[in-house]
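Read through the structure below, which is laid out as structure tokens, and then see the notes.
A, B, ... follow the sequence lines: proteins, then strands. Residue 1 opens every chain.
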There are 2 protein chains.
Amino acid sequence: MSPKVTKSYKEERKRSILEAAKKIFIKKGYEAFVMQDVIDAVDLSRGGVYSYFSNKEELFLSILEDSNSTYSKEIEDMAKHPSIWNSLVKDFEEYKSASDTEDLFGAVQIEYFLINRLLPEKKIYMKERYKFAIEHLIKLFDEGVTNGEFNPKYPLETIARYFITFNDGINIATIFLNKKDLNFNAQIDIFLSHLENMLGVVKQ
Amino acid sequence: MSPKVTKSYKEERKRSILEAAKKIFIKKGYEAFVMQDVIDAVDLSRGGVYSYFSNKEELFLSILEDSNSTYSKEIEDMAKHPSIWNSLVKDFEEYKSASDTEDLFGAVQIEYFLINRLLPEKKIYMKERYKFAIEHLIKLFDEGVTNGEFNPKYPLETIARYFITFNDGINIATIFLNKKDLNFNAQIDIFLSHLENMLGVVKQ
DNA sequence: TATAATAATGACATTGATGTCACTTTAAAA
DNA sequence: TTTTAAAGTGACATCAATGTCATTATTATA
């Protein structure tokens, strides 16, 4: 009888493996990431790491879940703000001032999805994630409508999809060039003005 | 002395290998593509294929060159049209009515660039290609300005970058969902109206 | 302090793909 | 019809990564 270690000990181990793995995913990308990298980064043997996560995909999906729930929380927080439009603008302003190297996990996600795009089993999961993101955005926009803040020119769903399209596009662009060379800020400003127009933001 | 076959014989071989390879890239994606696939598809042995192309990247880049020059030609043709705006709209209309499975090489390209984004040697090449695309678009838009067709609200470069961003984004989106589920047509229409506005299209 | 459950180790078999090369075939020219 | 240079073959050595498992170490409990 008696387990060797406490539950929190194991959770801490898991957490530290995930943390190391995330750094490596960002540094090397999904494709180039190998389990040996994690084994080297964490104070554990090959078998040890494998007893927590049995392959790289499991590691990746675990990290993805986390960033998923962070995303949901952020959107939900936004919905609580008195002015949704202002909190959206603020979010983009932060995005503009963030350093080039931040939030590179977005690129890893796109890479993972691209690599697996032709495997039917994975496709279902990907669709669900896309749907999930769209639904959250629609909910946020809808809150603004009931607020009287928005008077949309297009169906909210269409606006949400367009939003995601721009986001993915700009994500790809930052992979090739740094924000300065990209005219990043100008692109964001233009998109914001389009978004403002589509949502029919009511000036108060 | 004397070479065994004619020059055109070898060129034909090369062409047929490239053709088969392109199909496989589209079917399996860049990452999953292996040389054995090509060997099986073409009536040649392992060593035979390798004597034409020494690895998968060489194959890919060769195909990329082709689709590059096709792209340039298309843009140049557009610039010759009496109304550039109309030819742009026509192009997007064709894009809308194209079947879901067409032009999937775009996804392969993005996949390749994503996978190699962290290798400095490759990065230079990627930047150049991006620059190349931007320059072509600027030239096209500029033609419209000298035409008196456009009266742009933003620098042409910014519009060109925004254009590419939308394009990449919609490319990614079509990977996850089919055009119908995506609201593809609605997204294109919205983008066209934004583009029309940014370029300041003068109605004639 | 003994013991037993489980955490951790790392050598190893396996896999799957790559690129090469000694050899064979082919066909144009001598 | 020979010769010979180049085209084509496919077995093979190599490599890099994976996941496993017999073994060892550790520690909470009895």
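- Nucleotide dA16(D) holds its P atom 19 Å from the CZ atom of Phe33(A), rounded to whole Å.
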In B/S/- notation, 5' to 3', how is nucleotides 21-26 of chain D contacted by protein heavy atoms closer than 4.0 Å?
-> -----B
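- Side chain of Asp37(A) to backbone of Val34(A): a donor-acceptor contact under 3.5 angstrom is found.
- Contacts between residues 49-65 of chain A and DNA chain D, defined by a heavy-atom separation below 4.0 Å, involve Tyr50(A), Ser54(A), Asn55(A), listed by number.
- Salt-bridge annotation for Lys139(A) and Glu135(A): absent, with no side-chain N of the basic residue lying under 4.0 Å from a carboxylate O of the acidic one.
- Following rounding to the nearest Å, Gln36(B) (CD) and dG16(C) (P) show an atom-to-atom distance of 13 Å.
- dG10(C) atom C1' lies 14 Å from atom CG of Asp43(A), rounded to whole Å.
- Salt-bridge check for Arg15(A) with Glu11(A): failed, with every basic side-chain N at 4.0 Å or more from each acidic carboxylate O.
- For the pair Glu76(A) and Lys80(A), the salt-bridge criterion is not met [side-chain N within less than 4.0 Å of a carboxylate O].
- One N or O on the side chain of Asn178(A) and one on the backbone of Asp181(A) form a donor-acceptor pair closer than 3.5 Å.
- Regarding Arg46(B), its CZ atom lies at a distance of 16 Å from the P atom of dT14(D), rounded to whole Å.
- Residues that satisfy the salt bridge (charged side-chain N to carboxylate O under 4.0 Å, His left out) test with Lys73(A), not counting sequence neighbours, are absent from this structure.
- The closest donor-acceptor contact from the side chain of Lys56(A) to the backbone of Phe33(A) lies under 3.5 Å.
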Stepwise, does the salt bridge (charged side-chain N to carboxylate O under 4.0 Å, His left out) test hold for Lys22(B) with Glu19(B)?
-> CA-CA 5 Å; Lys22(B) 185 170 184 177; Glu19(B) 198 180 315; over 6 Å; no
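- For Met35(A) and dT20(D), the CE to P distance is 11 Å, given to the nearest whole Å.
- For the segment residues 7-19 of chain A, no residue has any heavy atom less than 4.0 angstrom from an atom of DNA chain D.
- A residue-by-residue look at Val34(A) and Ser45(B) shows that Ser45(B) has its nearest nucleotide of DNA chain D further toward the 5' end.
- Lys14(A) forms a cation-pi arrangement with Phe53(A), by the criterion of a distance under 6.0 Å to the ring centre and an angle within 45° of the ring axis.
- Residues meeting the salt bridge (charged side-chain N to carboxylate O under 4.0 Å, His left out) test with Lys122(A), sequence neighbours left out: Glu57(A).
- For Arg117(A), the salt bridge (charged side-chain N to carboxylate O under 4.0 Å, His left out) criterion is met by Glu111(B), not counting sequence neighbours.
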